[in-house]
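What follows is a short report on a single structure.
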Amino acid sequence: MRSAASSEIEWPNDVASARAIQEALRSQVVREDRLGPVNTVAGVDVGFEDRGRTTRAAVAVLAFPGLEPLAQAISRSPTRFPYVPGYLSFRELPAVLGALDQLAERPDLILCDGQGLAHPRRFGLACHLGVLTDIPCIGVAKSRLVGRHDELPPDKGQWVPLRDKGETIGAVLRTRTRVSPVYVSIGHRVNLAAAIDFTLRCTTRYRLPETTRYAHRLASGLSEKGVSNRY
DNA sequence: GCGACAG
DNA sequence: ATCTTGTCGC
């Protein structure tokens, strides 16, 4: 899919200009449901290698709701922005877009590693990815960046709002009974209720959704056999 | 001023 | 994110 070539984007080299980009793009995040039929769901996993010198992103596309693997791609590129809390997207997005470009088809929905609106300026990685590609996107993070919340009941499926500065910015969601929760937030074109629902429907027996988990395993080295990078 | 801080 | 020992529960 060629909708957001990373090479055609001007990437910032410092936090001040990165912040200006966030402030300029944050109004483009669509917080309501604007989804077509969801037949394919992609999971995006980000991370780094070589003590941070190389950034890597993996994407796995699964059928929905059956979650059968359909396609996968991985992209590595030299790190061009350091990890600074609140600015993760400037470090990871070039690799993420590179991985998405390897796919033959645009996924109908993306579950992205990291935060969406649950971000100091309401423009986390999942929002940035959603705005640049205009693909419906949900942020699924393994730990908290900002926000406070009440104690979370132990049963699978239960959730409590994540709040910051008087507004709900996401949900703390139990994807497995008595297992540490994940942090779900709007990325783009999906409301919070739908984001929670999709996250649960993509989660089977592990803490993380199969989409994200599949991408993570791909990035960790052990790819699945018999799955090509096209449908 | 001090702690907190997605991956 | 990554590293690593000890502990707990099924």
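All values below were derived from every heavy atom in this structure, side-chain atoms included, with hydrogens, water molecules and symmetry-related copies excluded. Chain A is the first sequence line, chain B the second, and so forth, proteins listed ahead of strands; every chain is numbered from 1.
Side-chain N or O atoms of A/Arg189 include one that pairs as donor or acceptor with a backbone N or O of A/Asp134 at under 3.5 Å. Using a distance-only test at 3.5 Å, with no hydrogens or angles considered, no donor-acceptor pair links the side chain of A/Gln115 to the main chain of A/Cys127. Remark: side-chain polar atoms of A/Thr133 are paired, donor with acceptor, to backbone N or O of A/Leu129 under 3.5 angstrom. The closest donor-acceptor contact from the side chain of A/Gln102 to the backbone of A/Ile74 lies under 3.5 Å. No side-chain donor-acceptor contact under 3.5 Å links A/Ser75 to the backbone of A/Ala57.
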Practice task
Quick one: do A/Leu111 and A/Cys202 satisfy side-chain contact (heavy atoms from CB on, under 4.5 Å)? Show the steps, please.
Solution key: CA-CA 9 Å; A/Leu111 300 197; A/Cys202 289; 3.9 Å; yes

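Using a 4.5 Å cut-off on side-chain heavy atoms (C-beta onward), A/Leu62 and A/Leu70 make no contact.
Under 3.5 Å, the side chains of A/His216 and A/Ser220 contain a donor-acceptor pair of N or O atoms.
Residues from residues 183-197 of chain A placing a heavy atom under 4.0 Å of any atom in DNA chain B do not occur. Contact check of residues 82-89 of chain A against DNA chain B (heavy atom, cut-off under 4.0 Å) returns A/Tyr83, A/Pro85, A/Gly86, A/Tyr87, A/Leu88.
Counting 5' to 3', DNA chain B first comes under 4.0 angstrom of a heavy atom of chain A and last does so at the ends given by B/dA4 to B/dG7.
Listed by first and then second residue, the side-chain hydrogen bond (donor to acceptor under 3.5 Å, both in side chains) pairs involving residues 83-99 of chain A are A/Tyr87-A/Arg121, A/Ser89-A/His128 (not counting sequence neighbours).
Evaluation of the side-chain hydrogen bond (donor to acceptor under 3.5 Å, both in side chains) rule for A/Thr203 yields no partner, not counting sequence neighbours. Every residue meeting the side chain to side chain contact (heavy atoms under 4.5 Å, CB included) condition with A/Val38, not counting sequence neighbours, appears here in chain and number order: A/Leu35, A/Val41, A/Phe64, A/Asp108, A/Leu109, A/Phe198. For A/His149, the side chain to side chain contact (heavy atoms under 4.5 Å, CB included) criterion is met by A/Val160, A/Leu162, A/Val172, A/Tyr183, not counting sequence neighbours. In this view, A/Arg122 and A/Asp164, A/Glu167 satisfy the side-chain hydrogen bond (donor to acceptor under 3.5 Å, both in side chains) rule, not counting sequence neighbours. Considering only residues two or more places apart in sequence or on other chains, A/Arg174 meets the side chain to side chain contact (heavy atoms under 4.5 Å, CB included) condition with A/Leu152, A/Pro181.
For the pair A/Asp45 and A/Arg213, the salt-bridge criterion is not met [side-chain N within less than 4.0 Å of a carboxylate O].
For the strand DNA chain C, secondary-structure stems (runs of at least three Watson-Crick or G-U pairs, all distances below 3.5 Å) are absent. Counting only Watson-Crick or G-U wobble pairs whose defining distances are both under 3.5 Å, DNA chain B contains no stem of 3 or more consecutive pairs.
If you check every strand for non-hydrogen atoms under 4.0 Å, A/Arg144 touches sugar and phosphate atoms only.
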Using nucleotides 1-9 of chain C, report all nitrogen or oxygen pairs with the protein that are shorter than 3.5 Å.
residue : atom : partner  : partner atom : Å
C/dA1   : OP2  : A/Lys142 : NZ           : 3.1

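In terms of heavy atoms, A/Leu218 sits closest to A/Ala73 at CD2-O, 3.5 Å. Between A/Leu145 and A/Pro85, the closest heavy-atom pair is CD1-CB, 4.5 Å.
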